[in-house]
K.L.:
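Before I ask anything, here is the structure I am working with.
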Amino acid sequence: MDKLHEALRRHFGYTSFKKGQEEIVKSVLEGQDTVAMLPTGGGKSLCYQLPGLLTDGTVLIVSPLLSLMEDQVQQLKMRGEKRAAAYNSALTHQEKEYILKQLHRLKFLYISPEALQSEQMVRRLQTMKISLFVVDEAHCISQWGHDFRPDYSKLGDIKKKLGSPVTLALTATATEETLKDISRMLGLNEVRYLIHSVDRPNIALHLEEVQDTAGKNERLIELVRKLQGPGLVYCPTRKWAEELAGKIAEETRMRTEFYHGGMDAGDRMLIQQQFIRNQLDIVCCTNAFGMGVDKPDVRYVIHVNLPQTIEAYMQEIGRAGRDGKQSVSILLKAPGDRGIQEQLIQTEALTRQTIDFLYEKLADVRDERGARESLEQSGLTETQARHFSHLFFKFRHLGNKARELIYQEMDFRRQQKLNKMAGFAQITESKGCFREGLLSYFNETLSAGKSGNTACCTHCGLNLEDYETKGDHPFMNQLTAWEEELDTIFAASRDRIC
DNA sequence: CGTGTAGCCCGTAAGGGCTACACGGTGCATTACT
């Protein structure tokens, strides 16, 4: 047994790596900046935890969600690794101070891109040895870094300030364009790409045209009534998710809940846990749902509207069938589908005149914080203000060209991504294979062995009846005896806490 | 762009029909207050 496998066994208790892990571990241990794709549930955290344990210094992990950080830290602690902590706004003043003091003793530090902007934190990190700089869910850099969470685009600078430690960016789904964007934004030069196919052969692809919104809702009820669950229904708006959940619950009596970013953290956590523990049949959600939800047996994912990007679509349908069993994804489309997404993009966009006006207004502003305040006073939303001030400071040194660049950045990027998604959805008008069409956006071709696979897509002879509930029980996921018992225990302890 | 709703008209009154208008996703952090 070589050293690596020996360490794998000793620290994690595994005798072999999962697909793709070993390459990634070796790559970073060789000191190579690496951008890697690994299927969700494929054991991403091991890819930095094992190298971290085998080298001196601290592993710094940038993570997009507070809940993900908490999960990871807890898992490490449960495995007996106490030198792990998360640093973010969920902490009190005292806790933050404590972590800053103990920083050099940590093996794994999880942090949000925003918290990593803190000068105090950076100064402390500069005095330490960072063995590995990790960006988890690295597609967020490209997906959010340009507008929604600009601090993601500043990770490259931070990395440099920390003396450019070995960097590892991890994601499950990214087009070639996104992978390049990630490397560029992180300022990686000689980067090694460890890529696998984004294809998930056990997820059948079905697209279906309906008349209008009423038609979608009607068809959806029909589908969830028949399909074997559990399932996810992705909706474009919070309201739609709530109404659908109500309607499904009423008409099918299946255990249905909704989930979106407007709910408080406790409710969100509860729904997520219930879904994972098979106490719900269906969750109607917005794009807020999914990251960090590692449920193996989701049998279908239905979209009642176009997602905004192909990558979002991939991520979302990819939540089905993690156990490798046959699952199905269904996109219900209707003529005016682009409308909502277009509008969502537009509400954050600014006109040329507004940009000119605001550009003048910011002339004397010194820092981003001041800029944001001033912009919000001018009536911009929080997101708009952050986006604009980010672009302002990025381009202002270019003088006259700056405004034009800001204008282009604000308008086009997201529009283009939506165009591609809408372009893909038009595939129903051809006779082509959906899977081939979809993979082409990732510069992939369908690997051999597909012929005769009727579970591929609508145009390859997919039969939705194969995904319907069979057997006597109208509801899936009847709890087994021990699960029920466990539940009573949990419920009891929950009551005590409340 | 599409949907839902508030408010108006009509005028036996009630409620149907119309127009105008608002609204729409993703999460970090931070603040001053009860």
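In what follows, chains carry the letters A, B, and so on, assigned in the order in which the sequence lines appear, proteins first and then strands, with residues in each chain numbered from 1. Keep in mind that this is a model prediction, so the values were computed, not measured.
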K.L.:
Is A:A115 touching bases, backbone alone, or none of the nucleic acid, heavy atoms closer than 4.0 Å?
P.N.:
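Sugar-phosphate contact only - A:A115 comes under 4.0 Å of backbone atoms but never of a base.
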K.L.:
Sequence neighbours left out, what passes salt bridge (Lys or Arg N to Asp or Glu O under 4.0 Å) with A:E382? Give chain and number order.
P.N.:
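Counting only residues at least two positions away or on another chain, A:E382 forms a salt bridge (Lys or Arg N to Asp or Glu O under 4.0 Å) with A:R386.
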K.L.:
Establish, with yes or no, whether the OP1 or OP2 oxygen of B:dA29 is under 4.0 angstrom from a side-chain nitrogen or oxygen of A:S89.
P.N.:
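Answer yes for this pair, as a side-chain N or O of A:S89 is under 4.0 Å from OP1 or OP2.
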K.L.:
Going by the rule ring-ring contact (aromatic ring centres under 6.0 Å, His included), which residues pair with A:Y359 if we only count those two or more places apart in sequence or in a different chain?
P.N.:
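Residues passing ring-ring contact (aromatic ring centres under 6.0 Å, His included) with A:Y359: A:F392.
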K.L.:
Could you list the residues that satisfy salt bridge (Lys or Arg N to Asp or Glu O under 4.0 Å) with A:K161, not counting sequence neighbours?
P.N.:
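Checked A:K161 against salt bridge (Lys or Arg N to Asp or Glu O under 4.0 Å); zero matches.
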K.L.:
Under a cut-off of 3.5 Å for both distances of each Watson-Crick or G-U pair, what dot-bracket string does DNA chain B give, using [ ] for crossing pairs and | for inter-strand pairs?
P.N.:
((((((((((....))))))))))..........
K.L.:
Taking NZ, NE, NH1 and NH2 as the nitrogens, is one of them in A:E368 or A:K154 under 4.0 Å from a carboxylate oxygen of the other?
P.N.:
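Salt bridge between A:E368 and A:K154, a charged N being under 4.0 Å from a carboxylate O: yes.
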K.L.:
Can you pull every protein N or O that's under 3.5 Å from an N or O on nucleotides 32-34 of chain B?
P.N.:
none

K.L.:
What pairs meet the ring-ring contact (aromatic ring centres under 6.0 Å, His included) rule with one or both residues in residues 125-179 of chain A, with sequence neighbours excluded?
P.N.:
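Checked against ring-ring contact (aromatic ring centres under 6.0 Å, His included) - neighbours excluded - the pairs reaching residues 125-179 of chain A are A:W144-A:F148.
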K.L.:
For A:E114, enumerate each residue passing the salt bridge (Lys or Arg N to Asp or Glu O under 4.0 Å) test, keeping only those at least two apart in sequence or located in another chain.
P.N.:
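In terms of salt bridge (Lys or Arg N to Asp or Glu O under 4.0 Å), with neighbours along the sequence ignored, A:E114 is linked to A:R149.
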K.L.:
Table please: side-chain donor-acceptor pairs of residues 335-346 of chain A below 3.5 Å, with sequence neighbours left out.
P.N.:
residue: A:D337; atom: OD1; partner: A:K216; partner atom: NZ; Å: 2.5
residue: A:D337; atom: OD2; partner: A:K216; partner atom: NZ; Å: 3.4
residue: A:D337; atom: OD2; partner: A:A334; partner atom: N; Å: 3.1
residue: A:R338; atom: NE; partner: A:E342; partner atom: OE1; Å: 3.1
residue: A:R338; atom: NH1; partner: A:N419; partner atom: OD1; Å: 3.0
residue: A:R338; atom: NH2; partner: A:E342; partner atom: OE1; Å: 3.3
residue: A:R338; atom: NH2; partner: A:E342; partner atom: OE2; Å: 3.4
residue: A:R338; atom: NH2; partner: A:N419; partner atom: OD1; Å: 2.9
residue: A:Q341; atom: OE1; partner: A:Q308; partner atom: NE2; Å: 3.1
residue: A:Q341; atom: NE2; partner: A:L306; partner atom: O; Å: 2.7
residue: A:E342; atom: OE2; partner: A:Q415; partner atom: NE2; Å: 2.3

K.L.:
Quick check on B:dA29: is either OP1 or OP2 less than 4.0 Å from any side-chain nitrogen or oxygen of A:S112?
P.N.:
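Checking A:S112 against B:dA29: at least one side-chain N or O falls below 4.0 Å of OP1 or OP2.
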K.L.:
Provide the distance between the two C1' atoms, one in B:dG17 and one in B:dG11, to the nearest whole Å.
P.N.:
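Taking atom C1' in both B:dG17 and B:dG11, they lie 15 Å apart.
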K.L.:
With A:V166, which residues qualify under side chain to side chain contact (heavy atoms under 4.5 Å, CB included), at least two apart?
P.N.:
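With sequence neighbours excluded, A:V166 shows a side chain to side chain contact (heavy atoms under 4.5 Å, CB included) to A:V28, A:D33, A:L132, given in chain and number order.
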K.L.:
Looking at A:R386, I'd like to know whether one of its side-chain N or O atoms comes within less than 4.0 Å of OP1 or OP2 on B:dA29.
P.N.:
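Looking at the OP1 and OP2 atoms of B:dA29, neither is under 4.0 Å from any side-chain N or O of A:R386.
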K.L.:
Identify the pairs formed between an N or O of the protein and an N or O of nucleotides 1-4 of chain B at a distance under 3.5 Å, and give each distance.
P.N.:
residue: B:dT3; atom: OP1; partner: A:T213; partner atom: OG1; Å: 2.3

K.L.:
Let me have the donor-acceptor pairs involving side chains of residues 237-251 of chain A, under 3.5 Å, with sequence neighbours excluded, atom names and distances please.
P.N.:
residue: A:T237; atom: OG1; partner: A:W240; partner atom: N; Å: 3.1
residue: A:W240; atom: NE1; partner: A:N217; partner atom: OD1; Å: 3.2
residue: A:E242; atom: OE2; partner: A:H260; partner atom: NE2; Å: 2.7

K.L.:
According to ring-ring contact (aromatic ring centres under 6.0 Å, His included), who are the partners of A:Y407, at least two apart in sequence or on a separate chain?
P.N.:
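A:Y407 satisfies ring-ring contact (aromatic ring centres under 6.0 Å, His included) with no residue once adjacent residues are dropped.
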